[in-house]
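Keep in mind it's a predicted model, so treat the numbers as computed, not measured. Throughout, protein chains are lettered first and strands after them, A, B, ... in sequence-line order, and every chain is numbered starting at 1.
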Number of protein chains: 2
Amino acid sequence: MTQGSPHDPRFRLRLVFAPGEMLGPGKADLLEGIARTGSIAAAGRDMGMSYKRAWQLVETMNAMFREPLVESTRGGAKGGGAVLTEAGQAVLTEFRSLEAVAEKAGAAHIDRLQAMLRDIPDQK
Amino acid sequence: MTQGSPHDPRFRLRLVFAPGEMLGPGKADLLEGIARTGSIAAAGRDMGMSYKRAWQLVETMNAMFREPLVESTRGGAKGGGAVLTEAGQAVLTEFRSLEAVAEKAGAAHIDRLQAMLRDIPDQK
DNA sequence: ATTCGATATTCCCATGTGGATATATCGCAT
DNA sequence: ATGCGATATATCCACATGGGAATATCGAAT
């Protein structure tokens, strides 16, 4: 009887398309952060991720999809920044929807599994 | 238009109940292997996993659930062995069902994401 | 009593993942 | 011209994860 809001921390879903080509919560959160902050560095900071790692994730995402998901600019008044491309928005939306429908579909199973745990965590 | 049979390698789902308490494809495969072979070591070998790791996974599973999922015996004619308890069977079945319904529910989203890849992997 | 095969448990080490750090570059604003 | 802030990129290193190997233990069968 636990209802899964957009981000249920219990439920993690990852798509493995090929070795080294995967999409999961980490990259999704990063895309979200970039969309919100307009910066790779700021997005990384917000989720306690080093800039190096954040940038690496962006690089692999841009490489694995037909069109880049993140567009970045250097220099300028604010030093630069990054924004989601149309493809980036689409991927993010699609993945979030996937998470939502998948978890909703499996909610009953998740609840039954959780009920079998020794110490049932605070539901949410 | 890709149909997800029981084990679609693209789709990986993990439940994170608490730090150190998670259930995903690895443990599920191991449970399956134990049920099939009647041995922790054999199950580990079958999936290229060291006995040490297989045993560790069994240990954590037995610890995190109210009742142990795997019951093991030492000594005897065949040296010993391991079988799934009723709880073990239930957890395995429940998790496989979860994977199935979750993937089926998200199939359209998965296909759309895959279609955006640079090189579309061999569907299956 | 000895053998046998699997579980149980420990120790050491290779590996790689990612953090920290340093540096270079860019372009607008002042 | 200089400063600033973010991207871009490489190098070094701490740490955790897990493999490999070694050892002990168990219980039925011979």
Worksheet item: Which heavy atom in A/Glu99 sits nearest to a heavy atom in A/Phe11, and how many Å separate them?
Response: O-CE2, 3.9 Å
Is [X] close enough to [N] that one of its side-chain N or O atoms is under 4.0 Å from OP1 or OP2 there?
X       : N     : value
B/Ser72 : C/dA8 : yes
B/Thr73 : C/dA6 : no
A/Arg74 : D/dA8 : no
A/Trp55 : D/dA8 : yes

[X] [atom1] - [N] [atom2] separation (whole Å):
X       : N      : atom1 : atom2 : value
A/Leu57 : D/dT7  : CG    : P     : 14 Å
B/Leu30 : D/dG18 : CG    : C1'   : 15 Å
A/Glu59 : C/dG18 : CD    : C1'   : 15 Å
B/Asn62 : C/dA8  : CG    : P     : 9 Å
A/Gln56 : D/dT7  : CD    : P     : 15 Å
B/Glu71 : C/dT7  : CD    : P     : 14 Å
A/Met47 : C/dG18 : CE    : P     : 14 Å

Practice prompt. Look at the side-chain heavy atoms of Ile, Leu, Val, Met, Phe, Trp and Tyr, link any pair under 4.5 Å apart, and say whether A/Leu117 and B/Leu23 land in one connected group.
Written response: yes
Worksheet item: With hydrophobic residues grouped by side-chain heavy-atom distances under 4.5 Å, do B/Val16 and A/Leu113 end up in a single group?
Response: no
Practice prompt. Identify whether any heavy atom of A/Gly79 sits under 4.0 Å from a base atom; if not, whether one sits that close to sugar-phosphate; answer base, sugar-phosphate or nothing.
Written response: base
Fill in: A/Met49 or B/Lys78, whichever maps to the more 5' nucleotide of DNA chain C
B/Lys78
Discussion item. With nearest nucleotide decided by heavy atoms, which residue, A/Ala77 or A/Gly48, maps closer to the 5′ end of DNA chain C?
Written reply: A/Gly48
Item to complete: Report, as yes or no, whether the 6.0 Å neighbourhood of atom CD on A/Glu21 holds more than 12 heavy atoms from other residues, nucleotides or ligands.
Response: yes
[X] side chain, from C-beta outward: closest of [options]:
X       : options               : value
A/Arg53 : C/dG19, C/dT7, D/dT7  : C/dG19
B/Lys52 : D/dT7, C/dC28, D/dG18 : D/dG18
B/Ser50 : D/dG19, C/dG18, D/dT7 : D/dG19

Item to complete: With the side chain counted from C-beta on, respond yes when B/Val58 and B/Ile34 share a heavy-atom pair under 4.5 Å apart, and no when they do not.
Response: yes
Worksheet item: Where each residue is assigned the nucleotide of DNA chain D containing its nearest heavy atom, which of A/Gly76 and A/Ala41 is assigned the position nearer the 5′ end?
Response: A/Gly76
